[in-house]
Amino acid sequence: MPELPEVETIVRGLRPQLVGHRLVRVIARRPDLRIPLPPKFAGRLRGRRVESLRRRAKYILAGLDDGAVLIAHLGMAGQWLARRCEDAGQPGAHDHVEFETDDGMLLTYRDPRRFGLMTLTRENELGVHPLLASLGLEPLGNEFNGPALSAALTGRRTPVKAALLDQRVVAGIGNIYACEALYRAGISPRRMAASVQGVRAERLAAAIRSVLAEAIEAGGSSLRDYVQSSGELGYFQHFFQVYGREGEPCPGCDCGAAIRRIVQSGRSTFFCGHRQR
DNA sequence: ACGAGAACCTGTTTGC
DNA sequence: TGCAAACAGGTTCTCG
């Protein structure tokens, strides 16, 4: 489900609920997520105070007061819900992990498909952790620009759409924002990645930045599952120009072409064959 | 070594 | 209406 803007929105929503607070109760109801929960998961977290909450790519990282770091990923359908304990009621069938904080909040990790994960590492081992070590540049970071993007795409003999989904190239882009960024940049999703250089790479880097930043402003995109931790819906889906719009007229110009849907690497790609070259 | 496709799992939508 | 197939925002493994 969630791509960078949705994960960022969730981190921002959870931060005031978690940072500075102690975890007084941890319930690991279902350990068989994509990667099984580590041994003694709940016991290692109980009583710890959360010192920081941040995002790297689509991962949520919570720094704890004993130097441990909780790594969490939402997979395709994961959600975080933040409610007061007394408002929570019975746990749902897919509420796999819950954290109760010292001021009475219940933070619930819900994930019907169990493609998400949660694991523990140490702050000083984050950089070499297998889940994080080979991630590419953060697209909203200072070092991300046209030259950096073209360098990352150099030598890639795959369509640029597939390259954007490769987290080693740019970290955090998923299927929706890859389609939207390529549309904004006027670049065909089928163009070979290695040929996106120079001004094309500049345009694509700018498009990635702008679409992600605008989506964060909107609180992410709510399609099927996604809600903010507060339960509010994001609304960026109303600004999609191509994603999910097969057959509709291209919105960005008067070319009159219809948005097309093709399948690349097993994923739907939406684009305008006239405007994107 | 790299890239395409399958697999992982459950829920919802679509088509006959 | 009912059932089966297709599809879904991600990642990782296998195979060619």
Side-chain angles (χ1 to χ4, degrees), chain A residues 1-11 29-37 55-60 71-80 92-96 109-119 129-136 139 152-182 189-195 208 211-212 215-216 218-229 233-240 242-247 261-270:
Chain A
M1 151 183 73
E3 306 183 33
L4 186 154
E6 291 74 37
V7 178
E8 180 65 29
T9 300
I10 286 170
V11 164
R29 207 168 268 120
R30 181 132 200 197
D32 56 333
L33 306 181
R34 177 163 65 81
I35 297 176
L37 290 181
R55 179 192 60 74
R56 169 73 172 118
K58 299 169 196 169
Y59 292 93
I60 298 169
I71 303 176
H73 193 289
L74 294 156
M76 281 284 251
Q79 299 178 15
W80 276 100
H94 304 295
D95 294 354
H96 306 312
Y109 176 61
R110 176 177 294 176
D111 182 6
R113 294 177 77 176
R114 304 203 314 283
F115 284 177
L117 66 91
M118 231 177 277
T119 193
H129 193 283
L131 290 170
L132 308 175
S134 55
L135 292 172
L153 294 172
T154 296
R156 301 238 159 214
R157 313 187 68 76
T158 190
V160 61
K161 160 73 173 353
L164 290 181
L165 294 182
D166 185 335
Q167 301 297 295
R168 296 170 299 185
V169 175
V170 187
I173 300 175
N175 202 39
I176 292 176
Y177 298 105
C179 294
E180 294 295 319
L182 286 165
R190 297 191 281 204
R191 170 177 283 276
M192 279 300 111
S195 79
I208 289 168
V211 75
L212 295 177
I216 291 170
S221 304
S222 293
L223 295 185
R224 294 160 189 80
D225 311 325
Y226 172 75
V227 289
Q228 302 182 28
S229 55
L233 299 177
Y235 56 88
F236 191 72
Q237 66 277 11
H238 301 301
F239 299 99
F240 290 168
V242 289
Y243 185 84
R245 298 192 179 278
E246 180 182 19
R261 174 183 175 275
I262 60 174
V263 175
Q264 296 179 290
S265 309
R267 315 292 303 277
S268 288
T269 297
F270 299 89

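Source: prediction; values computed, not measured. The chains referred to below are lettered A, B, ... by the order of the sequence lines, with proteins before strands, and numbering in each begins at 1.
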For this session: Tell me what A/G174 touches on the nucleic acid: a base, only sugar-phosphate, or nothing, going by heavy atoms under 4.0 Å.
Result: sugar-phosphate
Exercise. In chain order, what residues pass the salt bridge (Lys or Arg N to Asp or Glu O under 4.0 Å) check against A/E180, with sequence neighbours excluded?
Worked result: none
Exercise. Quick one: ring pair (Phe, Tyr, Trp, His ring centres under 6.0 Å) partners of A/Y243, sequence neighbours excluded?
Worked result: A/F240, A/F270
Problem set entry | A/S195: side chain to side chain donor-acceptor pair (under 3.5 Å) partners, not counting sequence neighbours | A/R191
Exercise. With a 4.0 Å cut-off on heavy atoms, is A/S221 in touch with a base, just the backbone sugar-phosphate, or nothing at all?
Worked result: base
Problem set entry | DNA chain C base-pair string [pairs: Watson-Crick or G-U under 3.5 Å; |: paired with another strand] | .|||||||.|||||||
For this session: Applying salt bridge (Lys or Arg N to Asp or Glu O under 4.0 Å), name anything that partners A/R110, two or more places apart in sequence or on another chain.
Result: A/D95
Exercise. Who pairs with A/Q167 by side chain to side chain contact (heavy atoms under 4.5 Å, CB included), at least two apart in sequence or on another chain?
Worked result: A/A57, A/K58, A/L135
For this session: Tell me, please, which residues at least two apart from A/R30 pass salt bridge (Lys or Arg N to Asp or Glu O under 4.0 Å).
Result: A/D32
Exercise. With sugar-phosphate meaning primed atoms plus P, OP1 and OP2, does A/P5 contact a base, only sugar-phosphate, or nothing at under 4.0 Å between heavy atoms?
Worked result: nothing
Exercise. Could you give the start and end, 5' to 3', of the contact zone on DNA chain B for chain A, using atoms under 4.0 Å from its heavy atoms?
Worked result: B/dG3 to B/dG11
For this session: Please list, chain by chain and in numerical order, all residues satisfying salt bridge (Lys or Arg N to Asp or Glu O under 4.0 Å) with A/D166, sequence neighbours excluded.
Result: A/R156, A/R168
